[in-house]
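Encoded as structure tokens, the structure appears first; notes follow it.
Here is how names work: the chains are called A, B, and so on, in the same order as the sequence lines, proteins then strands, and each is numbered from 1.
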Protein chains: 2
Amino acid sequence: MSQSIVPNVRKRPTIRDVAREAGVSYATVSRVLNGREWVSPEAVRVVREAIARTGYTANPHARSLATGKSGSIAFLLTEPQHLLFEDPNFSVLLRGVAQALSDRELTLILMIASTPEERNRTTAYLSGGHVDGVLLVSPHSGDPLLSHLVQAEVPIVACGRVLGYEQQISSVMADDRSGGRSAVEHLIAMGCTKIATITGPQDTAGGVDRLQGYTDALLAHGIPVEPARIVHGDWGRASGATAARQLLDQDPELDAVFAASDAMAAGALPVLREAGRSVPGDVRVVGFDDSGLAATLDPSLTTVRHPLDRISEEMVRLLTDVINGRTPLSITVPTTLVIRDSSPA
Amino acid sequence: MSQSIVPNVRKRPTIRDVAREAGVSYATVSRVLNGREWVSPEAVRVVREAIARTGYTANPHARSLATGKSGSIAFLLTEPQHLLFEDPNFSVLLRGVAQALSDRELTLILMIASTPEERNRTTAYLSGGHVDGVLLVSPHSGDPLLSHLVQAEVPIVACGRVLGYEQQISSVMADDRSGGRSAVEHLIAMGCTKIATITGPQDTAGGVDRLQGYTDALLAHGIPVEPARIVHGDWGRASGATAARQLLDQDPELDAVFAASDAMAAGALPVLREAGRSVPGDVRVVGFDDSGLAATLDPSLTTVRHPLDRISEEMVRLLTDVINGRTPLSITVPTTLVIRDSSPA
DNA sequence: CTGAAAGCGCTTACAG
DNA sequence: CTGAAAGCGCTTACAG
């Protein structure tokens, strides 16, 4: 329908077009664009009108070239893809970060580095100073990418403590240890004594800390920590099912399960049912995350909530601080126990 | 620990540094960088070495400014956030697109436009020609954003047919109609005659087409289409539960349910069980999507698979074509029925 | 408060 | 095959 004679790439108005339209120099246009001091109200008005009339929007590349700031932040995923994308936490985090970045007029660049080749390319790109900073999700302790980025002095904020880089990489995380402890203390308060746990991977801060909270609670109440009641999962649903079978095998008497993620709890639930245990009648179950899943399970899941929206917000705020040269910092946000049917009060 | 005397922003090597190092003009460096013709093998060698020695990486902003191409693609979400991020399809699509883009050395910019203000900002940004193209996810028919983007001649490829813009906006989608039809024909072949359906939203192509496939199959087999057996959902789990209750209410005799998404099927399953219907004994259930959920449900879910990885791949390929000035196109990829326990063969 | 000018780091005709 | 030069669209001291 549209019979454009002009070539496909229309000429966008530039700062000069606006200046001509407004009858001022283009330096003045730039000043009002950037809200700098020393511009007469009259000039501001004229320029604003000219901008509206021409439909001008700044060319971010020209701006970046001139300022040396890219105006963009990389959201970097290094985890094997399938795991991360299955995790509902990830979506919530991504959404929150997108929001916070948008509020600051920063652009979100999504990068996924799974294969060795991608990792190299990503490292080069980020070290090249082509983004203002990096948001790191679920970093692995021994990842060589980390040392490269740190060495290149790229501003970084990680989601979760980065084991080995605590001093150099800022991080924001939930208080996983207290969260785990509160979950298990709830179970103890409800009269459970044979409490098992399905942990997260032990090379992640979350996996380690939630388990630590579990042992904290037991020991604080004089309950021995039995290795037979500890099985490791990988956060995923399937691993929760496997772990539950193993736990029942190792200790058929168990009267509670604390799973370090809702997904693993979701995997454990049907296994318990099939094994003839009613939840919460015979076995109480508590998860972690308060993901969308938790409330829809049958029975609905008692779980530990960490405010992911708060975490993403803080990650972005902290990153802008680091970009502005402030020293690295570590932020911990509290968790809350959400009581539902799988372990009622 | 690191006592950097130099200011935080280290000077990155530029093309001139490489040229000096290699002993050629920087125009030559640019040529080998871009793999252009007319460069002596000797020059190529020298420059490559100099690049390696200096650790040079091109400044994308300078390049963009010079070429007028941004090297980036926007992945634009306009759906209310919660819906999209809950949908496992979304993650798979995002991952696939990220991969395909990375293969082409294009940068993925994630934009979420939910509030009216964000929508305006986004429209301005995209219309400003600051990305090379836009990947549109789950577009709404009447969205003003669409007309703006089309008018600004921004290259677009949508996931799913865009009702009203079929001629102007390229799209890639699953053959939802055939998929729906194959699901229902399977149920018919298994002896079901009172087949109900939970549809997707009727202002989306997927919602409309999957329902169309349902009626296609019934009519082809001389089975009347009963309004009492059609209830609308919003793709989400909760809406599936509500819809299932309504269906049982309107037709207690039903012997099969075709849900237009796995999530809605997942919501329907426990409702059926609570109503005393065994699956697949009393009622067969088929979903759509073959999301990660399907195989883990109890019983595992018979569903229609659409190859999302293929779709994302084609979206990116098509978008690069459109960017290069080729005319809009619509691609449909076939679906396959995956038979599991909720409706075995 | 405002304008002229240099410069950000590239690409790309234009001469050679 | 290669170099000198203009230009992409901004920002930012520097003079006024």
Practice problem: Only one of A/V134, A/L76, A/T78 passes side chain to side chain contact (heavy atoms under 4.5 Å, CB included) with A/T122; say which it is. | Solution: A/L76

Exercise. For nucleotides D/dT2 and D/dA6, find the distance between their P atoms and express it as a whole number of Å.
Key: 22 Å

Practice problem: Return yes if some donor-acceptor pair links the side-chain N/O of B/H130 with the main-chain N/O of B/S72 below 3.5 Å, else return no. | Solution: no

Exercise. Return the value, rounded to whole Å, for the distance between atom CZ of B/R20 and atom P of D/dG3.
Key: 15 Å

Quiz prompt | Proximity to the side chain of A/R31 - top-ranked nucleotide from C/dG3, D/dC10, C/dC10 | solution = C/dG3

Self-check item: Phosphate contact (D/dG3 OP1 or OP2) by B/T28 side-chain N/O below 4.0 Å
Solution: yes

Exercise. Could you tell me the separation between the OH atom of A/Y26 and the C1' atom of C/dA6, rounded to a whole number of Å?
Key: 9 Å

Self-check item: Value in whole Å for how far the C1' atom of C/dG7 lies from NE2 of B/H61
Solution: 17 Å

Quiz item: Does some side-chain heavy atom of A/E118 sit less than 4.5 Å from a side-chain heavy atom of A/M111?
Solution: no

Quiz item: Whole-Å distance between D/dC1 C1' and B/R45 CZ?
Solution: 16 Å

Quiz item: From C/dT11, D/dC10, D/dC14, pick the nucleotide closest to the side chain of B/T67?
Solution: C/dT11

Quiz item: Start at the 5' end of DNA chain D and walk down; is the nucleotide closest to A/P13 or to B/V24 reached first?
Solution: B/V24

Quiz item: Within the pair B/S30 and C/dT11, is there a side-chain N or O less than 4.0 Å away from OP1 or OP2?
Solution: yes

Quiz item: Given atom CZ of B/R63 and atom P of D/dC8, what is their separation to the nearest angstrom?
Solution: 19 Å

Exercise. Name the pairing partner of D/dG3, where a pair is Watson-Crick or G-U wobble with both distances under 3.5 Å, or state none.
Key: C/dC14

Quiz item: Which listed nucleotide (C/dG9, D/dT11, C/dG3) is nearest to the side chain of B/R16?
Solution: C/dG9

Exercise. Could you say whether B/S25 or A/Y56 is positioned toward the 5' end of DNA chain D, judged by the nucleotide with the nearest heavy atom to each?
Key: B/S25

Quiz item: Could you give the NZ-to-P distance, from A/K69 to D/dG9, as a whole number of Å?
Solution: 24 Å

Self-check item: Salt bridge A/R310-A/E314, side-chain N to carboxylate O under 4.0 Å
Solution: yes

Self-check item: Whole-Å gap separating P (C/dG7) and CG (B/L65)
Solution: 17 Å

Practice problem: Indicate yes or no for a side-chain donor-acceptor contact from A/R121 to the backbone of A/E117 under 3.5 Å, with no hydrogens or angles considered. | Solution: no

Practice problem: Just compare D/dT2, C/dC10, C/dG3 and give me whichever is closest to any side-chain atom of B/N59. | Solution: C/dC10

